[in-house]
Amino acid sequence: INTPAVMFNDGTNTITFQQAGFVAFDAATNYSSGAFTPGSPPPNNGSGFGSWTVHEPGGGSAGAYIGNTALGLKTFGVASPGNSSAYTGMERAFGAALATGETFSTTVAATSFSSGNMGLKWKTSSGPELSLFVDSGTGNWKYAIGAAGTPTDTGTAFNAGSPVNVSLERVSGNNVLLSLTQAGSTWSTTLSLSDAAVTSVEFFSSGTQSAGNATNLGFDDLKITADV
C-alpha cells in the first residue's frame with residue numbers, strides 16, 4: 001500500500017480530522033414483519049433512538065406495519081384504509097433533541113393514491129413544527145411550518161414508487177436546512193423555525209381510503225448524524 005507523504009513545517013503542527021458520526025440508526029431489517037397498533041407498537045430496536053408510538057386517533061385497522069410498501073418488500077409502512085377521516089402515524093422519538101450540527105435523514109416513497117395525503121412531520125416538545133407531504137398523489141412534495149402552516153411547493157415532483165432521500169439539519173439556533181434528493185437531483189432550503197430542537201419524527205398517512213394497505217407510505221433507514 002502506497003501512503004502519500006505529508007509535509008510538516010518546523011515547530012508544532014496540528015492535524016484535524018472531521019467525519020460524520022452516527023448518533024442514531026434504525027432500519028426495518030432490525031424487525032420481524034407484522035402489523036402494529038397504539039397498544040402494540042414496534043419494539044425499540046436500532047441504536048440511539050427513543051421508543052416508537054403508533055397513532056390511530058379514529059381507531060382502525062393496523063395501518064402501521066413492516067412489510068411490502070412503495071419503497072420495497074420489507075420496510076416500515078403506514079396506510080389509512082377506511083374513510084376520509086382515517087389516520088395512521090408511526091412516530092419515532094429521538095434519544096435527545098436535535099442539536100446544532102446534527103442531521104436527521106431517511107428515505108421515503110409513496111404509492112399512487114387519489115385522496116388524502118401522506119408524509120412526515122418533525123415535532124418538538126410543543127408539537128408539530130415542520131411537515132413534508134404530498135396531497136392526493138398529485139403535484140409536488142410540499143412543506144409547511146407549524147401545525148397549520150401554509151404549504152410551500154418544493155418543486156420536487158411526486159412520482160409514485162420513486163424513493164426520495166429526506167434530510168433535516170439543524171444548522172444554527174432555530175435555523176434548519178431541509179433537503180430532498182430524488183433521482184440524483186437535490187432541492188434544499190434554509191428555514192427559520194420557532195423551535196428547531198426536534199424531539200421526534202412522525203410518518204403518516206391520512207384519508208387515502210383504500211382497502212387494506214394498498215396505498216401506503218414506505219420509509220426506512222432512519223439516521224441521525226453529527227459532524228465531529
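Residue numbers run from 1 in the order of the sequence given.
In terms of heavy-atom proximity, S32 sits nearest to K74 at CA-NZ, 4.3 Å. Annotation for T69 and Y65: closest pair CG2-OH, 3.5 Å, computed over non-hydrogen atoms. Contact between T124 and E129 at its shortest, heavy atoms only, is CG2-CB, 3.9 Å. Nearest heavy atoms, T215 versus S210: OG1-OG, 2.7 Å. The two residues R170 and A99 make their nearest non-hydrogen contact at CB-O, 3.6 Å. The two residues K142 and P151 come nearest to each other via the heavy atoms CD-CB, 4.1 Å.
Of the possible donor and acceptor atoms, none in the side chain of N216 sits under 3.5 Å from a partner among the backbone N and O of T111. For the pair R92 (side chain) and S200 (backbone), a donor-acceptor distance under 3.5 Å is absent. Put simply, the side chain of T154 gets close to the backbone of W141: a donor and an acceptor are under 3.5 Å apart. Side-chain N or O atoms of N45 include one that pairs as donor or acceptor with a backbone N or O of N30 at under 3.5 Å. Panel note: side chain S188, backbone L178; no donor-acceptor pair is recorded below 3.5 Å. Between the S172 side chain and the N175 main chain, no donor and acceptor come within less than 3.5 Å of each other. In terms of modelled atom types and a separation under 3.5 Å, the side chain of S205 and the main chain of S80 share a donor-acceptor contact. Looking only at distances, a side-chain donor or acceptor of E56 sits under 3.5 Å from a matching main-chain atom of G63. Under a 3.5 Å cut-off, the side chain of T208 and the backbone N or O of G116 do not form any donor-acceptor pair. The backbone N or O of A86 lies less than 3.5 Å from a partner atom in the side chain of N83, making a donor-acceptor pair.
Using cut-offs of 30° and 60° on the angle between ring planes, the pair F76 and Y31 is perpendicular. A perpendicular orientation is assigned to the rings of F113 and F158, their planes being inclined by more than 60° (bins at 30° and 60°). In this structure, F204 and Y87 have parallel ring planes: the angle between them is below the 30° cut-off, well short of the 60° mark.
No single ILVMFWY cluster, assembled from side-chain heavy atoms under 4.5 Å apart, contains both L177 and W187. Follow the hydrophobic side-chain contacts under 4.5 Å out from L193 and you reach L168 in the same cluster. One hydrophobic cluster, built from ILVMFWY side chains closer than 4.5 Å, holds both F104 and I145. Hydrophobic clustering of Ile, Leu, Val, Met, Phe, Trp and Tyr side chains at less than 4.5 Å, counting indirect connections, keeps L71 apart from V78.
Judged by distance alone, the side chains of S105 and S167 never bring a donor and an acceptor atom under 3.5 Å apart.
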Check against side chain to side chain contact (heavy atoms under 4.5 Å, CB included), T75 and T107:
CA-CA 10 Å; T75 75; T107 302; over 6 Å; no

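In this structure, OG on S136 lies 7.5 Å from CG on N117, to the nearest 0.5 angstrom. Note that the CG atom of L120 and the CE atom of M90 stand 13.0 Å from one another [nearest 0.5 Å]. One finds the NZ atom of K123 at 12.5 Å from the OG atom of S125 (value rounded to the nearest 0.5 Å). One distance of note links OG1 of T103 with CD1 of I224; it measures 9.5 Å at 0.5 Å rounding. Rounded to the nearest 0.5 Å, atoms CG (D153) and CG (N140) are 4.0 Å apart. Atom NZ in K121 sits 12.5 Å away from atom CZ in F203 (nearest 0.5 Å).
Of the candidates D195, T100, L191, N174 forms a side-chain contact (heavy atoms from CB on, under 4.5 Å) with just one, namely D195.
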